[in-house]
Amino acid sequence: MVLKSNSSNSGSTKMPTQDNFFEHVYQVVKQIPYGRVTTYGAIAEFLGSKGSSRMVGWALNSTKYNLENIPAHRVVNRQGLLTGKRHFGGNDTMKNLLESEGIKIEANKIVHLESYLWNPSEE
DNA sequence: GAGTTGACGACTT
DNA sequence: CAAGTCGCCAACT
């Protein structure tokens with residue numbers, strides 16, 4: 001799961017103090033300012049796992065299980081494509097949210113992504 | 001412990 | 001220009 005499977009508790013050895021990776025991603029995403037977006041790659045790089053943007057997407061996936069104020073809709077891929085929209089129910093929820101923030105979307109893609117791009121280090 | 005999956009990214013065919 | 005392939009790294013089965 002994404003949901004914690006019990007059984008596993010290994011008992012020990014490592015208890016995650018708190019899922020670092022995920023928590024880290026959450027915090028970064030939560031800090032994305034209104035009207036701004038960021039990319040998986042940027043976050044991955046910021047986390048130090050540069051190149052493993054997949055992990056970011058993975059972490060984001062848990063986002064919905066965590067239900068928090070995580071604006072996952074502000075995270076898009078390198079092309080500014082709303083790849084994650086399918087995880088929002090397959091509707092245009094994501095697009096709507098972004099547009100309501102003043103971001104222009106065209107063909108499920110952010111227009112002038114560079115203009116909206118936000119750097120985690122700016123946080 | 002090994003194999004599959006994944007909201008990506010960049011390169012190659 | 002579109003589709004396929006490899007690479008990253010961590011979690012899940």
Side-chain angles (χ1 to χ4, degrees):
Chain A
M1 133 184 169
V2 177
L3 289 156
K4 305 212 124 229
S5 0
N6 37 170
S7 42
S8 31
N9 206 358
S10 17
S12 26
T13 341
K14 286 169 129 238
M15 199 297 220
T17 331
Q18 282 170 12
D19 316 285
N20 282 343
F21 209 86
F22 288 21
E23 287 281 320
H24 221 336
V25 175
Y26 299 152
Q27 289 182 48
V28 173
V29 177
K30 280 201 240 172
Q31 289 166 69
I32 300 175
Y34 180 94
R36 290 290 172 100
V37 297
T38 191
T39 67
Y40 301 98
I43 297 174
E45 185 178 352
F46 179 72
L47 293 180
S49 302
K50 179 183 173 188
S52 31
S53 20
R54 294 182 162 192
M55 302 301 92
V56 178
W58 222 99
L60 243 27
N61 185 22
S62 306
T63 287
K64 44 196 221 171
Y65 291 92
N66 271 274
L67 284 188
E68 285 189 44
N69 300 318
I70 304 179
H73 60 274
R74 288 185 188 149
V75 184
V76 295
N77 73 351
R78 203 61 173 159
Q79 305 169 40
L81 196 61
L82 281 53
T83 54
K85 88 178 234 166
R86 72 191 194 99
H87 289 280
F88 277 81
N91 300 317
D92 291 341
T93 312
M94 195 168 175
K95 178 183 169 189
N96 264 314
L97 288 168
L98 290 170
E99 286 187 322
S100 65
E101 298 192 359
I103 298 173
K104 292 176 185 170
I105 311 293
E106 190 173 297
N108 289 331
K109 186 184 107 210
I110 294 178
V111 182
H112 286 191
L113 175 64
E114 295 182 27
S115 307
Y116 306 109
L117 243 183
W118 173 80
N119 249 321
S121 3
E122 277 185 46
E123 158 266 330

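Atom set for the values below is all heavy atoms of this structure, side chains included, hydrogens, waters and symmetry mates excluded. Chain naming here is simple, since letters A, B, ... match the order of the sequence lines and numbering starts at 1 in each.
Counting only heavy atoms from C-beta outward, the side chains of A:Tyr40 and A:Val25 never approach each other to under 4.5 Å. Counting heavy atoms from C-beta outward, A:Tyr34 and A:Pro71 have side chains that stay 4.5 Å or more apart.
Between the OH atom of A:Tyr40 and the C1' atom of C:dA10 there is a distance of 17 Å, rounded to whole Å. In this structure, A:Trp58 atom CH2 and B:dT4 atom C1' are separated by 12 Å, rounded to whole Å. Distance, A:Leu60 CG to C:dC9 P: 19 Å, rounded to whole Å. With rounding to whole Å, A:Asn61 atom CG is found 10 Å from C:dC12 atom P. In this entry the distance linking CG of A:Leu47 with P of C:dA10 reads 11 Å, nearest Å. Atoms CZ (A:Phe22) and P (C:dC9) sit 16 Å apart, rounded to a whole Å. Across the protein-nucleic acid pair, A:His24 atom NE2 and C:dA10 atom P stand 13 Å apart, rounded to whole Å. Counting to the nearest Å, the P atom of C:dC9 and the CD atom of A:Glu45 are 14 Å from each other.
Against DNA chain B, the stretch residues 76-91 of chain A makes heavy-atom approaches under 4.0 Å through A:Asn77, A:Arg78, A:Thr83, A:Gly84, A:Arg86, A:His87, A:Phe88.
When each of B:dT5, B:dA7, B:dG9 is scored by its nearest atom to the side-chain atoms of A:Thr63, the top-ranked nucleotide is B:dA7. Among the nucleotides C:dC9, B:dT5, B:dA7, the one closest to the side chain of A:Ser52 is C:dC9.
Two different hydrophobic clusters hold A:Met94 and A:Leu81 under the rule that ILVMFWY side chains link at heavy-atom gaps under 4.5 Å.
One distance of note links NZ of A:Lys85 with CG of A:Asn96; it measures 10.0 Å at 0.5 Å rounding. We find the NZ-CZ distance between A:Lys64 and A:Phe88 to be 9.0 Å, quoted to the nearest 0.5 Å. Rounding to the nearest 0.5 angstrom, the gap separating the CG atom in A:Asp92 from the CG atom in A:Asn108 is 6.5 Å.
Contacts of A:Ala72 with the nucleic acid, taken as non-hydrogen atoms under 4.0 Å apart, include base atoms.
A:Lys50 meets the side chain to side chain contact (heavy atoms under 4.5 Å, CB included) test with A:Glu45; sequence neighbours excluded.
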